[in-house]
Amino acid sequence: MYKIAVMGDRESVLGFRALGLETVIPDSPEEAGRSLTEMARQDYAIIYITESCAEEISDEVKKYSDSVKPAIILIPGKEGSRGTAMAALKDYVERAVGADII
């Protein structure tokens, strides 16, 4: 059975724990990168990452951008949206449709 995880700062991800999702609160970008790699090797189908955390480990996130599993989805953190998630969504839609429709 596949799992779902949420990674980011404590205040942004703790609410997801109440929904039964695995939460990862890394202390450093290095730990975040290792955690993402480990989750990708395991049975995680979806990994939500806060925009601020994803920016710190952008090289690791890019490794999985074209893979089906895990699907890495950027979400706003406690500080609000930085526009990174919308830019990523726009890129995915443009690649899928062949034109910028957003």
Side-chain angles (χ1 to χ4, degrees):
M1 181 167 185
Y2 293 117
K3 304 177 206 172
I4 300 174
V6 183
M7 181 165 52
D9 60 274
R10 183 174 195 75
E11 294 82 9
S12 298
V13 303
L14 277 183
F16 291 96
R17 190 176 290 175
L19 298 173
L21 303 179
E22 177 81 24
T23 56
V24 178
I25 304 167
D27 292 327
S28 66
E30 293 79 22
E31 184 182 346
R34 284 191 303 271
S35 296
L36 179 59
T37 301
E38 185 62 30
M39 287 187 289
R41 289 183 187 150
Q42 296 177 4
D43 285 336
Y44 285 89
I46 301 171
I47 303 171
Y48 294 99
I49 304 177
T50 60
E51 291 175 325
S52 57
C53 184
E55 288 172 0
E56 292 176 350
I57 59 168
S58 61
D59 292 337
E60 284 292 321
V61 172
K62 286 178 185 174
K63 286 181 186 177
Y64 304 104
S65 64
D66 290 330
S67 63
V68 174
K69 183 179 110 28
I72 297 179
I73 302 170
L74 303 184
I75 58 173
K78 66 179 179 185
E79 63 276 347
S81 179
R82 296 179 173 203
T84 310
M86 183 56 84
L89 177 63
K90 181 179 176 183
D91 181 53
Y92 296 145
V93 169
E94 189 171 334
R95 286 192 291 165
V97 175
D100 181 10
I101 60 172
I102 295 183

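Worth knowing before you read on, the calculation uses all heavy atoms, side chains too, and leaves out hydrogens, waters and symmetry mates. Values in this document were obtained by computation on a predicted structure and should not be read as measured data.
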Item to check | Inter- and intrachain pairs under salt bridge (Lys or Arg N to Asp or Glu O under 4.0 Å), touching residues 5-27, at least two apart | outcome: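 For residues 5-27, and leaving out neighbouring residues, the salt bridge (Lys or Arg N to Asp or Glu O under 4.0 Å) pairs sorted by first residue read E11-K78.
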
So which heavy atom on [X] is nearest to which on [Y], and how close?
| X | Y | value |
| --- | --- | --- |
| P29 | E56 | CG-OE1, 3.9 Å |
| V24 | V13 | O-CG2, 4.4 Å |
| M7 | S35 | SD-CB, 4.1 Å |
| G77 | T50 | CA-CG2, 4.1 Å |
| K69 | A45 | CG-CA, 4.0 Å |
| I49 | A54 | CG2-N, 3.6 Å |

Item to check | Sequence-distant partners of Q42, side-chain hydrogen bond (donor to acceptor under 3.5 Å, both in side chains), two or more places apart | outcome: E38

Checklist entry - Partners of E60 by side-chain hydrogen bond (donor to acceptor under 3.5 Å, both in side chains), sequence neighbours excluded? => result T37, K63

Item to check | Test side-chain contact (heavy atoms from CB on, under 4.5 Å) applied to D59 - qualifying residues, sequence neighbours left out | outcome: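 For D59, no residue satisfies side-chain contact (heavy atoms from CB on, under 4.5 Å) once neighbours in sequence are set aside.
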
Item to check | side-chain contact (heavy atoms from CB on, under 4.5 Å) involving A40 - partner list, sequence neighbours excluded | outcome: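 For A40, the residues satisfying side-chain contact (heavy atoms from CB on, under 4.5 Å) (neighbours in sequence not counted) are Y64, P70.
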
Item to check | Y44 side chain reached by I4 side chain, heavy atoms, under 4.5 Å | outcome: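 Side-chain contact under 4.5 Å: no.
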
Checklist entry - Is I46 close to I72 at the side-chain level, that is, under 4.5 Å between some pair of heavy atoms? => result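 When only atoms from C-beta onward are counted, I46 and I72 do not touch, as no gap falls below 4.5 Å.
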
Next on the checklist: Looking at K62, I want to see if its NZ is surrounded by more than 12 non-hydrogen atoms of other residues, nucleotides or ligands under 6.0 Å.
Outcome noted: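 No.
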
Checklist entry - How long is the gap from CD1 on I47 to CE on M39, to the nearest 0.5 Å? => result 4.5 Å

Next on the checklist: Return the CG to NZ distance between L21 and K3, rounded to the nearest 0.5 Å.
Outcome noted: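 L21 atom CG to K3 atom NZ measures 12.5 Å (nearest 0.5 Å).
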
Checklist entry - Can you get from I73 to L19 by hopping between Ile, Leu, Val, Met, Phe, Trp and Tyr side chains that sit under 4.5 Å apart? => result yes

